[in-house]
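Here's the structure, in structure tokens; my notes come after.
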Amino acid sequence: NAGVTQTPKFQVLKTGQSMTLQCAQDMNHEYMSWYRQDPGMGLRLIHYSVGAGITDQGEVPNGYNVSRSTTEDFPLRLLSAAPSQTSVYFCASSYGGWRGYTFGSGTRLTVV
Amino acid sequence: KNEVEQSPQNLTAQEGEFITINCSYSVGISALHWLQQHPGGGIVSLFMLSSGKKKHGRLIATINIQEKHSSLHITASHPRDSAVYICAVLHFGNEKLTFGTGTRLTIIP
């Protein structure tokens, strides 16, 4: 089925470890973005991309890196995990914000 | 002050009641989105509005650009409507979304 695929669904990391959250879409969407969702707060934008080779920072980019080598994939890298990065992460894609968004199913990350 | 404010934060109602969830924003926008997040965590896009009103089944969304306010209405509410409803605004001139904190709706049979 067409959509946004996020992996893994759950992950536990130790402080200082690194990892990559994967996001792939098969809808040929130009726009892709990563958000984190924390209790009592709205989703917050981490990084976004308006096309292959183009990325930019969102509201809370520190501690995260992204790249967009293809239209389909937009991985999020945690460089050195910290407990403050414990959160639920969502990837989303769109033809453009005025066309609506498709969200992945989320990754629940715990950093101990 | 948050750029996007939703009210109420929590809402419990009996099955069949008419539901209204409000969203106010303070920035210039090109579009407003209503999203639904079920207890399992998945997020689904319900509506995208830039003006006026949209209807899909028992859901109706309205927006007043001059007053910077949007409402989501649910008619004949049902327990399966229980979810968190999230308002998000697309900033004018870029592709950034700012989200409200959500309204947790519980419909009791």
Side-chain angles (χ1 to χ4, degrees), chain A residues 1-6 8-11 23 25 27 29-51 54-61 66 68 74 87-109, chain B residues 1-10 21 23-52 54 56 59 61 63 65 70 83-104:
Chain A
N1 291 337
V4 177
T5 302
Q6 272 187 250
K9 292 193 183 301
F10 301 94
Q11 183 71 48
C23 177
Q25 52 91 10
M27 297 169 284
H29 285 171
E30 288 296 321
Y31 181 74
M32 297 185 74
S33 51
W34 277 101
Y35 303 90
R36 59 179 289 173
Q37 185 177 39
D38 300 296
M41 304 183 74
L43 282 86
R44 292 181 293 170
L45 179 65
I46 304 171
H47 285 285
Y48 68 101
S49 169
V50 297
I54 306 168
T55 63
D56 205 349
Q57 296 181 349
E59 183 183 354
V60 286
V66 292
R68 185 95 180 269
F74 190 46
S87 188
V88 181
Y89 292 83
F90 287 95
C91 177
S93 73
S94 172
Y95 283 116
W98 49 274
R99 296 281 295 274
Y101 288 80
T102 301
F103 285 82
S105 57
T107 296
R108 186 173 294 273
L109 175 68
Chain B
K1 186 178 186 295
N2 293 335
E3 293 179 339
V4 181
E5 299 275 0
Q6 284 186 241
S7 62
Q9 286 187 312
N10 295 282
I21 298 170
C23 176
S24 296
Y25 55 92
S26 58
V27 295
I29 70 169
S30 55
L32 182 144
H33 296 262
W34 281 103
L35 310 166
Q36 180 190 57
Q37 185 171 28
H38 274 285
I43 298 173
V44 174
S45 181
L46 297 175
F47 294 104
M48 191 282 296
L49 294 162
S50 56
S51 64
K54 286 191 176 180
H56 181 68
L59 272 61
I63 188 168
I65 297 294
S70 176
V84 175
Y85 292 84
I86 301 170
C87 169
V89 299
L90 184 69
H91 289 243
F92 185 77
N94 62 50
E95 288 288 335
K96 295 184 180 181
L97 278 178
T98 299
F99 295 79
T101 55
T103 294
R104 184 174 300 277

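Reminder, nothing fancy here: chain letters follow the sequence lines and each chain counts from 1.
- For B/Leu35, the part lying under 4.5 angstrom from a heavy atom of chain A is the side chain only.
- When heavy atoms are compared at a cutoff of 4.5 Å, A/Glu59 does not approach chain B at all.
- Taking a 6.0 Å sphere around CZ of B/Arg104, one finds it holds 12 or fewer heavy atoms contributed by other residues, nucleotides or ligands.
- Minimum interatomic distance between B/Lys96 and A/Leu45 (heavy atoms only, all atoms of both residues): CG-CD2, 3.9 Å.
- Two residues are said to be in side-chain contact when any heavy atoms from C-beta on lie closer than 4.5 Å; B/Ile43 and A/Leu43 meet this criterion.
- Summarising the geometry, atom CE belonging to B/Met48 is positioned 9.0 Å from atom OG belonging to A/Ser94; distances are rounded to the nearest 0.5 Å.
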